[in-house]
Enquirer: 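Next up is a structure, given as structure tokens.
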Amino acid sequence: MKDWHIKHMENTVIKHVKGLSPDATRYQKKMHYKYGGIVKILRYIEYDKKHGVTNDDVIAILEKLRSDSSYEEIRSIEGFLDRLKEIESSIANTPATKILTRNS
């Protein structure tokens with residue numbers, strides 16, 4: 001089950017750093033607005049952490065996105081580095097309890 005959560009976390013991070021395509025449909029824009037924000041992404045990562053993913057796994061995925069040749073195409077997308085840095089800084093500076101709670 002841990003392998004599934006690692007893959008889920010990787011797909012979630014990749015989807016976020018890719019961003020929304022310029023020719024996205026209204027539905028894609030709506031779903032990106034609803035599920036694609038940094039807060040949702042961090043919640044998904046915390047959910048995967050509860051199910052066996054470690055901080056080392058998260059860091060490994062982020063480093064792989066930065067340097068692996070199989071992600072060369074993703075790195076060429078405009079805004080990739082900004083979104084990746086946003087995830088890195090949020091993971092480093094935000095405790096899990098703050099991510100998962102809502103301010104009502």
Enquirer: Is Trp4 reachable from Ile61 through a run of I, L, V, M, F, W or Y residues, each pair having side-chain heavy atoms under 4.5 Å apart?
Expert: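 Ile61 and Trp4: separate clusters.
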Enquirer: Are Val39 and Ile45 in one and the same hydrophobic cluster, where Ile, Leu, Val, Met, Phe, Trp and Tyr link if side-chain heavy atoms are under 4.5 Å apart?
Expert: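 Yes, because Val39 and Ile45 connect within a single hydrophobic cluster, where side-chain heavy atoms sit under 4.5 Å apart.
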Enquirer: Heavy atoms only: give me the nearest Ile38-Ser90 pair and the separation to one decimal.
Expert: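 Of all heavy-atom pairs spanning Ile38 and Ser90, the closest is CG1-OG, 4.0 Å.
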Enquirer: Is any side-chain heavy atom of Leu81 less than 4.5 Å from a side-chain heavy atom of Arg66?
Expert: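 Result yes, sub-4.5 Å side-chain heavy-atom pair found.
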Enquirer: Ion pair present between Glu72 and Arg75, side-chain N to carboxylate O less than 4.0 angstrom?
Expert: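 So Glu72 pairs with Arg75 through a salt bridge.
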Enquirer: Between Glu46 and Arg43, is there a salt bridge with N-O shorter than 4.0 Å?
Expert: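 The answer is no: the pair does not qualify as a salt bridge.
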Enquirer: Which heavy-atom pair separates Tyr44 from His8 by the least distance, and what is that distance?
Expert: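 Closest heavy-atom pair between Tyr44 and His8: CB-CE1, 4.3 Å.
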Enquirer: Between Met31 and Tyr27, is any pair of side-chain heavy atoms under 4.5 Å apart?
Expert: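 Of all side-chain heavy-atom pairs linking Tyr27 with Met31, at least one is under 4.5 Å.
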Enquirer: If you take all heavy atoms of Leu65 and Phe80, which pair is closest and at what distance?
Expert: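 Shortest heavy-atom separation between Leu65 and Phe80 comes out as O-CZ, 3.8 Å.
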Enquirer: Within the structure provided, determine whether Leu42 and Ile91 are in side-chain contact (heavy-atom separation under 4.5 Å).
Expert: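 With C-beta onward as the side chain, the pair touches.
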Enquirer: Given side chains that start at C-beta, do those of Arg83 and Ile77 come closer than 4.5 Å, heavy atoms only?
Expert: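 A side-chain contact exists here, since the closest heavy-atom pair is under 4.5 Å.
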Enquirer: If you measure from NZ on Lys30 to OG1 on Thr25, what distance do you get to the nearest 0.5 Å?
Expert: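 One finds 11.0 Å between NZ of Lys30 and OG1 of Thr25.
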Enquirer: Yes or no on side chain to side chain contact (heavy atoms under 4.5 Å, CB included) for Tyr71 and Ile14, after CA distance, side-chain angles and deciding distance?
Expert: CA-CA 9 Å; Tyr71 295 111; Ile14 288 172; 3.6 Å; yes
Enquirer: Between Lys7 and Glu10, is any pair of side-chain heavy atoms under 4.5 Å apart?
Expert: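 Counting from C-beta outward, Lys7 and Glu10 do come under 4.5 Å.
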Enquirer: With hydrophobic residues grouped by side-chain heavy-atom distances under 4.5 Å, do Tyr35 and Val13 end up in a single group?
Expert: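 Shared cluster, yes.
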Enquirer: Within a 6.0 Å radius of atom NZ on Lys18, are there more than 12 heavy atoms belonging to other residues, nucleotides or ligands?
Expert: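 At most 12 heavy atoms, drawn from other residues, nucleotides or ligands, come within 6.0 Å of this atom.
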Enquirer: Testing the 3.5 Å rule here: is there a donor-acceptor pair between the side chains of Asp68 and Ser70?
Expert: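 Yes, a side-chain donor-acceptor pair sits under 3.5 Å.
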Enquirer: Side chain to side chain contact (heavy atoms under 4.5 Å, CB included), that's the test. Do Asp57 and His5 meet it? Break it down for me.
Expert: CA-CA 10 Å; Asp57 294 331; His5 285 283; over 6 Å; no
